[in-house]
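Note sheet for the following structure.
We name chains A, B, ... by the order of the sequence lines, and we start the count at 1 in each one.
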Amino acid sequence: MITAHSHDNDGNAAIRLFCEMQRDGFRPDNFTFTSVISAVGLVAESEKHCQQLHSRELFDGMAEKLVVAWNAMISGYVHRGLLQEAFKMFKKMYLSGVQFDEFTYTSIISACANASFLLLGRQIHAYILIKMRVKDLVSWNAMLSSYVNSGRMNEAKEIFQEMPEKNLLTWAVMIAGLAQNGLGEESLKLFNLMKLQGFQPCDYAFAGAITSCAALGSLKSGRQLHSQLIRLGFECSLSAGNALITMYGRCGVVGDARNLFLTMSFVDSVSWNAMIAALGQHGHGVQAVELFEEMLKEGILPDRITFLTVLSACSHAGLVEEGHRYFDAMHDIYGITPGEDHYARMVDLLCRAGKFSDANDMIGKMPFQPGPQIWEAFLAGCRNHGNMELGIQAAERLFEMIPQNDGTYILLSNMYAAKGLWDNVSRVRKLMRDQGVKKEPACSWVEAENKFHVFMVDDTAHPEVNAVYSYLKQLVLEMRKLGYVPDTRFVLHDMESDQKEHAISTHSEKLAVAFGLLKLPRGATVRVFKNLRICGDCHNAIKYISKVVGREIVVRDGKRFHHFKDGECSCRNYW
DNA sequence: GTAGGGTTAG
């Protein structure tokens, strides 16, 4: 009977029965003890029917400790989140010479997955791999997801290869893991392989694949996945639906995201957060804020992420007052303590708006030391407003905190270049070289003719690059007639001025835009993606291009979207 | 008598 309650997850009922049993004078045996240990493990300390009953005492009192009892102890600890205790028990078990079985392994793997005890996890993992060749599928999956969750994708791939069998969950974990770790193309390949091997993808696998499309900007594959999803009857899946909202937003079609959001039969706070984020990334700050207010009216509680997205939305749209109001409300009304990330959004909002002294006040009010996030936001704002003095201060802090971060050097060097202080530019560049820091290469890509075309600066690798350059030349002639003047302040090295013009004319985003215009059907919107922030001259040039060709051009850079149309950009130069 | 694996939002 005690076991039955334990199986029903009713730990308290089992404990009560055990107390009765003892009161009536029955002596519990090993089996009873094990069940009760398990029952105690199910219940939180504060909710336990009998506070005096501790699994550890029961365990220590057992005359003969079989593997089952050890397992019950370990899984109880894991269940209550006492991971250190679980590891201690595991070690003790090893020292006592009792052989582990698959129950032991799964509990301990799960403990490794739940914590950042990665080092310990690795030792145990190595041990398990050697000691136990035969594992069941669930243990393998637990191991796989612990690697995926800690971002160790090479190890995860090894495990995935090594697994003697796989199920739906194995595939889903791997597909989502690749998506989250910047390996979108591999993730989509795996999704197709899954189907080829006869597995019908579940909605979690779909969600992972859709997330990859969002990262890559592959609207085409994203739409295909959406229709497959409907055909297979997963239309109501929350995780897939939420991933789709993000995918549409991140692929530049925020209207499609909104349509989906409005027609989904179930939504949760993740859906709301995703939709608010999509609006914010496209610079629709007012709409984002309105949606947030609607969320509150519907009685849905905002969380930390909701506030991050709302503050970002305010920042991209210059809604300073609203930002302040929500920042205060977060703590005062919703009881959420702002983290460094929330403060960083506020600093970003204020600096972007040129309110540096307010930003400094904000930093002064922080209950902890400002970290890299704060100074990065500060520096970016200084760069936008050409505030050299404060920019240098922020950069110095960043050099101390994260000397290997390429962005600091680049922003600082950009600031000097914009003012024509070329000596300082070369000093920063030298410092960067001396520190062994490499700039992440800029690249832009565009989806056309069923594949992605990637362009680097001054690209020579793409097979059709000559056609792109000659088309760009033609475009520039037309643009100049409308008043376009190349802005060479955005070159990073000092050189002769015609060389500077050449240098900016080959920026990757210009190449990708030109290629898209050449290859996509007449009149179709061109959607270009860039890994870093768009360059100021490119931003200006693409405005002119949109006017010359009479087409809409959408660029997603590392931070946000720019919709170019009729010579204007949706960001209204606020970015 | 003991156990366990997933997803979506920034």
Checklist entry - Which atoms form the tightest heavy-atom contact between A/A317 and A/G285, and what is the distance? => result CB-CA, 3.6 Å
Provide, to the nearest angstrom, the distance between the [atom1] atom belonging to [X] and the [atom2] atom belonging to [N].
X: A/I108; N: B/dA3; atom1: CD1; atom2: P; value: 14 Å
X: A/W140; N: B/dG5; atom1: CH2; atom2: P; value: 18 Å
X: A/Y77; N: B/dG4; atom1: OH; atom2: P; value: 16 Å
X: A/N141; N: B/dG4; atom1: CG; atom2: C1'; value: 10 Å
X: A/N273; N: B/dT8; atom1: CG; atom2: P; value: 14 Å
X: A/K166; N: B/dG6; atom1: NZ; atom2: P; value: 18 Å
X: A/M73; N: B/dA3; atom1: CE; atom2: P; value: 13 Å
X: A/N9; N: B/dT2; atom1: CG; atom2: C1'; value: 13 Å

Counting side-chain heavy atoms from CB outward, which of [options] is closest to [X]?
X: A/S107; options: B/dA3, B/dT7, B/dT2; answer: B/dA3
X: A/T106; options: B/dA3, B/dT8, B/dT2; answer: B/dA3
X: A/I305; options: B/dA9, B/dG6, B/dT7; answer: B/dA9
X: A/A176; options: B/dA3, B/dG5, B/dT8; answer: B/dT8
X: A/Y204; options: B/dT7, B/dG4, B/dG10; answer: B/dT7
X: A/A277; options: B/dG10, B/dG6, B/dT2; answer: B/dG10
X: A/V138; options: B/dT7, B/dG6, B/dG4; answer: B/dG4
X: A/S239; options: B/dG5, B/dG6, B/dT7; answer: B/dT7
X: A/S145; options: B/dG4, B/dG5, B/dG1; answer: B/dG5
X: A/D341; options: B/dT8, B/dG10, B/dG1; answer: B/dG10

Checklist entry - Do the side chains of A/V67 and A/M93 get nearer than 4.5 Å, heavy atoms only? => result yes
Checklist entry - Does any non-hydrogen side-chain atom of A/R80 lie less than 4.5 Å from one of A/Y77? => result yes
Checklist entry - Does the pair A/E85/A/K88 count as a salt bridge with the N-to-O cut at 4.0 Å? => result yes
Checklist entry - B/dG10 phosphate, OP1 or OP2: any side-chain N/O from A/H342 under 4.0 angstrom? => result no
Checklist entry - Does A/S38 make a side-chain N or O approach to OP1 or OP2 of B/dA3 shorter than 4.0 Å? => result yes
Checklist entry - Taking atom types as they are modelled, is there a donor-acceptor pair under 3.5 Å from the base of B/dG5 to the side chain of A/N167? => result yes
Contact class for [X] vs. all strands (heavy atom < 4.0 Å): base, sugar-phosphate, or nothing?
X: A/D303; answer: base
X: A/R345; answer: sugar-phosphate
X: A/S269; answer: nothing

Checklist entry - Taking the inter-plane angle between the rings of A/H563 and A/H282 on a 0 to 90° scale, is it parallel (under 30°), tilted (30 to 60°) or perpendicular (over 60°)? => result tilted
Checklist entry - Does A/H316 use its side chain to pair, donor to acceptor, with the backbone of A/A313 at less than 3.5 Å? => result no
Checklist entry - Are A/F103 and B/dT2 stacked, counting the six-membered base ring, centres under 5.5 Å, planes under 30°? => result yes
